[in-house]
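Report on one structure; see the data block that follows.
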Amino acid sequence: MKLGLITGTGLESFGAGQCQNQALETPYGRVTVEYMQAGEQEVYLLPRHGREHDIPPHMINYRANIMALKLLGCEMVVATNAVGSLRQSMGPTQYVLPDQFLDFTRVRPLTFFEGEDGKVRHVDVTEPYCGAMRATIAQVLEERKLQAHPAATYLCTEGPRFETPAEIRMFRTWGADVVGMTGLPEVVLAREAGLCYASLCVVTNYAAGMTGGPIEDGEVGAVMRSVGEVTTGVLEELVQRLRPGVCACRGVL
């Protein structure tokens, strides 16, 4: 099986020195994917922001990234996301596995289906994240005795600015549990491509207005560094354990 691994903030160095670069042309642009062999598992690695963390969230070519993994034959995709928490019960350094999302992005290309072939397609996202993958990830986190939340609603903003306290209050009334800048349209594109997709979120901070002070970029980076080794261990185990399960992801269209 071929597994796609999209790493986010704080995990840009995952797999460094173990991979071979592979450039790939897609209909949406050129992508450099990093390939590594982990036992019998073939892993295609994409640091979402670049190895140097120099691509802001609203400038990521999400369509090219997902299409590259599809063209390479990946069946499953694990993504990591740094998120802010809207719930006191979800504190920094804890893990969250979203099962639903709210899309608050504004200007990103959001679909592969733009009607060029003369057909209109609507993808079902009743279960946007692969349930079988989420169950395996939750099991790994439990076995490692890591504090995790097996279900949550992820709200994605456009970025790159942080949210205002007023926005956070509104998002909370909508039912959002965590907020980030990179989960959409990635999860939808994976669904359109027929890929199983799951997100492993790391809470880095409480959202704006919840602590009385400003949010600082350094705070997010510091928390990710503090859990970097543990999260790397989780990803390494997932690479070995994830296998296609019984789910509806591939037959959604």
Side-chain angles (χ1 to χ4, degrees), residues 6-14 47-60 62 79-108 129 137-138 141 144-187 198-235:
I6 302 175
T7 54
T9 298
L11 291 166
E12 291 86 359
S13 62
F14 181 85
R48 192 188 285 113
H49 297 283
R51 283 291 190 190
E52 304 301 321
H53 196 85
D54 55 359
I55 307 174
H58 66 297
M59 298 297 291
I60 294 167
Y62 295 95
T80 70
N81 302 85
V83 295
S85 172
L86 281 68
R87 308 293 173 186
Q88 291 294 339
S89 60
M90 298 179 177
T93 75
Q94 295 179 16
Y95 295 89
V96 177
L97 305 179
D99 64 330
Q100 291 292 315
F101 68 75
L102 292 166
D103 187 359
F104 206 63
T105 61
R106 295 183 175 89
V107 299
R108 307 176 189 190
Y129 302 90
I137 298 171
L141 294 172
R144 290 176 172 245
K145 296 180 171 54
L146 297 171
Q147 193 162 1
H149 303 270
T153 296
Y154 175 109
L155 186 143
C156 191
T157 61
E158 188 67 38
R161 67 169 177 85
F162 287 118
E163 304 74 35
T164 67
E167 287 172 329
I168 294 301
R169 290 193 297 272
M170 178 178 68
F171 296 159
R172 193 183 296 114
T173 65
W174 287 358
D177 299 301
V178 294
V179 61
M181 302 177 190
T182 55
L184 276 296
E186 197 173 86
V187 59
S199 170
L200 174 64
C201 294
V202 182
V203 177
T204 58
N205 58 280
Y206 286 110
M210 293 184 63
T211 62
I215 299 173
E216 300 179 3
D217 249 349
E219 174 187 4
V220 172
V223 171
M224 287 304 301
R225 285 191 296 273
S226 74
V227 299
E229 184 175 347
V230 173
T231 307
T232 294
V234 171
L235 293 177

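- Note that CD1 of I168 is 8.5 Å distant from CE of M210, once rounded to the nearest 0.5 Å.
- Formation of a donor-acceptor pair under 3.5 Å by the Y206 side chain with backbone atoms of Q88 is found in this model.
- The two residues S85 and M90 have their closest heavy-atom pair at OG-O, 2.6 Å.
- A distance-only check finds no donor-acceptor pair linking the side chain of E163 to the backbone of A207 [under 3.5 Å].
- Here the CG-CG distance, from L200 to N81, works out to 8.5 Å after rounding to the nearest 0.5 Å.
- Within the model, atoms OG1 of T105 and CG of L184 stand 5.5 Å from one another, a figure rounded to the nearest 0.5 Å.
- Nearest approach of F14 to R51, heavy atoms of both residues: O-NH1, 2.9 Å.
- Residue T9 comes nearest to H53 through the heavy atom pair OG1-CE1, 3.2 Å, listed as atom of the first residue, atom of the second, then distance.
- Within a 6.0 Å sphere centred on CE of M170, heavy atoms belonging to other residues, nucleotides or ligands number more than 12.
- Using a 4.5 Å heavy-atom threshold, the side chains of V230 and L146 count as touching.
- In terms of heavy-atom proximity, N205 sits nearest to E219 at CB-OE2, 3.4 Å.
- With hydrogens and angles disregarded, no donor-acceptor distance shorter than 3.5 Å links the side chain of E167 to the backbone of P165.
- For the pair L11/V202, no side-chain contact is recorded, criterion being any heavy-atom separation below 4.5 Å from C-beta on.
- Rounding to the nearest 0.5 Å places CD of Q94 at 3.5 Å from CD of Q147.
- Counting all heavy atoms, side chain and backbone alike, P47 lies closest to T7 at CA-OG1, 3.3 Å.
- Residues F101 and L155 form no side-chain contact, since every pair of their non-hydrogen atoms from C-beta on lies 4.5 Å or further apart.
- Y129 and Y154 have their aromatic ring centers separated by at least 6.0 angstrom.
- Here the side chain of T204 pairs no donor or acceptor atom with the backbone of V223 at under 3.5 angstrom.
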V179/F162 under side-chain contact (heavy atoms from CB on, under 4.5 Å): CA gap, chis, key distance, verdict: CA-CA 10 Å; V179 61; F162 287 118; over 6 Å; no
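- Because its NZ or CZ atom is both nearer than 6.0 Å to the ring centre of F104 and within 45° of the ring axis, R106 counts as a cation-pi partner of that residue.
- No donor-acceptor pair closer than 3.5 Å links the side chain of R172 to the backbone N or O of R87.
- In this structure, the side chains of I137 and Y95 stay at 4.5 Å or more apart for every pair of heavy atoms.
- When all heavy atoms of C156 and G183 are compared, the pair lying nearest together is SG-N, 3.7 Å.
- When atom types are taken as modelled, the side chain of H49 and the backbone of D54 share no donor-acceptor pair closer than 3.5 angstrom.
- With R48 contributing its side chain and T80 its backbone, the two residues share a donor-acceptor pair below 3.5 Å.
- Atoms OG1 and CG, on T153 and L86 in that order, are 10.5 Å from each other to the nearest 0.5 Å.
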